[in-house]
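This report concerns only the one structure given below.
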Protein chains: 2
Amino acid sequence: MDNETSLRNERKRGSGVKVVYDILRDEILHLELPPGSPIDEVQLSERFGMSRTPIREALVRLAGEGLIDTLPNRSTMVSQIDFLNMHSYFDALVLMYRVTTQLAARYHRPEDLEIVRARQAEFAAAVEAQDALAMISTNAELHLAIAEAGRNPYFTALFSRLLNEGRRILRLYYQSYNDRLPRRFVEEHDEMIAAIAARDTDLAESLARLHAEQIVAQVQKLLVRGDRLDVKL
Amino acid sequence: MDNETSLRNERKRGSGVKVVYDILRDEILHLELPPGSPIDEVQLSERFGMSRTPIREALVRLAGEGLIDTLPNRSTMVSQIDFLNMHSYFDALVLMYRVTTQLAARYHRPEDLEIVRARQAEFAAAVEAQDALAMISTNAELHLAIAEAGRNPYFTALFSRLLNEGRRILRLYYQSYNDRLPRRFVEEHDEMIAAIAARDTDLAESLARLHAEQIVAQVQKLLVRGDRLDVKL
DNA sequence: TGTATTCAATTTGTCGACAAGGAATATGCA
DNA sequence: TGCATATTCCTTGTCGACAAATTGAATACA
């Protein structure tokens, strides 16, 4: 944290909020700040070497995305994962998988596919290395790249939020990821990308649906088995 | 604005942000602050009789919802309506109409229907009174109530944002609303509500789709005719 | 000993002031 | 007169300090 405070003087005006926002967002999504962690403004202002004002602005933005919860006049903390309404999450996730993939098949441009294929290569590498944490990240990046090729900012924004929420959920279970499924996911991704490149919207949508439903079924199996990790950092 | 500043001393701690946020949001959605209007922090702080800090927090939240755009170190203004990418908007709107109505048919509880029917009565009253502005508002409220009966916060949040954006678009055209279509919309609403009450998810979804596509077609017709009102307030 | 009340400590919400970055204006030069 | 540069003004970004609200401890009382 010293290297953060040392940047105090070289910081450009207006960049402070973004730095705090990006770092906290990362720490929340990577569960370095697990759900329920207290967020203290003065502590953060000391850590980042700036006053509470830009800290608060970053927190307001995080709250707007549902990553932290603020109780008026009281503590603010990293938002809990709502395991009770998980089916709402799965419904939304599957639908966004479907619609973004379909739109990608319809509206993508050649340069989009390069990015998508690069992301897929990163995902395949993570699978090859059996790096579960990297799989989660690169999978989200891949599907976000597909969504961006679909060029609908409303869907992309919701999907991005869902994928981020998914990172937090999956991290709780990532040790269970070391089975045959990841390699299957690589193949499914390849099929989806081929359907997108061929502009076959129906095939792309149905592949995305199957893909998403497999993921959901896998996570649900972990949920009912209750073999959640105790994350303590 | 005097009645706003006069509340200065009686204001409860923490309520200031919400007041500013709600009022500005309303004024933006009702086009009292049309797209492109400059937002001046000092001016607002004088108007509401509070310092710039809570004003800024309200503005950050509005920016998070895309209602205002902020240029760093420069002015901030009410966000423009993006008429070029309108098809993205229509795609998202139609899909949310469909999915929220379908989920309402599946998950609604009896007390939800009371609220929905009350909203529908308000919409019918607005149509009867030929009050186009009230039609826009009550129509959005009705569909939001249906979405809430579907109990998926992810869809509800996106739909709410889309309906709000729709208020701004429709207000630009509301004079064209005085034709036979509104009465048709009342009937379609009744059919949708009946399908929801009967828990017929497929029928509810297809009715919602037809309903949404009619609205979109109507708005698109207005768009290409280009008979936009010059809103000056 | 248990409960209610008061008080202190901590944390958030708000404030007024100052400084930095742009934009508009004024100035200098050809 | 036309263009480049300097200056001023205005708005935003950040700061340190104070005040209100809440929590938990300490005290008083039965």
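Per chain, numbering begins at 1; letters A, B, ... match sequence-line order.
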Measure CD1/B/I68 against P/D/dT12 and give the value in whole Å, please. 10 Å
Distance, nearest 0.5 Å, that separates CD1 of B/I39 from CG of B/L33: 5.5 Å
I'd like to know if the side chain of B/S37 and the backbone of B/P34 have a donor-acceptor N/O pair within less than 3.5 Å. yes
Measure the shortest side-chain to side-chain distance between A/D26 and A/D22 over non-hydrogen atoms and say whether it is less than 4.5 angstrom. no
B/Q43, CD: over 12 other non-hydrogen atoms inside 6.0 angstrom: no
Under 4.0 Å, heavy atom to any atom of DNA chain D: which of residues 36-43 of chain B qualify? B/I39, B/D40, B/E41, B/V42
Nearest whole angstrom, please: distance from the P of C/dT11 to the CD of A/E46. 10 Å
Salt bridge B/R167-B/E27, side-chain N to carboxylate O under 4.0 Å: no
A side-chain contact here means heavy atoms from C-beta on lying under 4.5 Å apart; do B/I169 and B/Y89 qualify? yes
Just distance, no hydrogens or angles: give the donor-acceptor pairs under 3.5 Å from side chains in residues 78-87 of chain B, sequence neighbours left out.
unit_1	atom_1	unit_2	atom_2	d
B/S79	OG	B/G66	O	2.9
B/S79	OG	B/L67	O	3.2
B/S79	OG	B/R168	NH2	3.1
B/D82	OD1	B/L84	N	3.2
B/D82	OD1	B/N85	N	3.4
B/D82	OD2	B/N85	ND2	3.4

Using a heavy-atom distance cut-off of less than 4.0 Å, which residues of residues 51-63 of chain B contact DNA chain C? B/S51, B/R52, B/T53, B/P54
Output a table of donor-acceptor pairs, distance under 3.5 Å, between side-chain atoms of residues 145-163 of chain A and any protein atom two or more places apart or on a different chain; print 'none' if there are none.
unit_1	atom_1	unit_2	atom_2	d
A/R151	NH1	A/D112	OD2	2.7
A/R151	NH1	A/A149	O	3.2
A/R151	NH2	A/D112	OD1	3.4
A/R151	NH2	A/D112	OD2	3.4
A/N152	OD1	A/Y154	N	3.0
A/N152	OD1	A/F155	N	3.2
A/N152	ND2	B/S88	O	2.9
A/T156	OG1	A/N152	O	2.9

Kindly indicate whether the side chain of B/R56, heavy atoms from C-beta on, has any atom under 4.5 Å from the side chain of A/V60. no
Measure the distance from NZ on B/K18 to P on C/dG13 and round it to the nearest whole Å. 15 Å
Provide a list of protein-nucleic acid N or O atom pairs under 3.5 angstrom, restricted to nucleotides 20-26 of chain C.
unit_1	atom_1	unit_2	atom_2	d
C/dA20	O4'	A/R13	NH1	3.4
C/dA20	N3	A/R13	NH2	3.4
C/dA23	OP1	B/R74	NE	3.3
C/dA23	OP1	B/R74	NH1	2.6

Please list, pair by pair, any protein nitrogen or oxygen found under 3.5 Å from a nitrogen or oxygen in nucleotides 5-9 of chain C.
none

Please report the C-alpha distance between A/V20 and A/L24 in whole Å, then the side-chain angles of each, then the deciding distance to 0.1 Å, and finally whether the side-chain contact (heavy atoms from CB on, under 4.5 Å) criterion is met. CA-CA 6 Å; A/V20 176; A/L24 287 182; 3.8 Å; yes
Salt bridge between A/R119 and A/E122, side-chain N to carboxylate O under 4.0 Å? yes
Could you tell me whether a side-chain N or O of A/H108 sits under 3.5 Å from a main-chain N or O of A/L113, the two making a donor and an acceptor? no
Please examine the side chains of A/H143 and A/H189, heavy atoms only from C-beta on, and report whether any two atoms are closer than 4.5 Å. yes
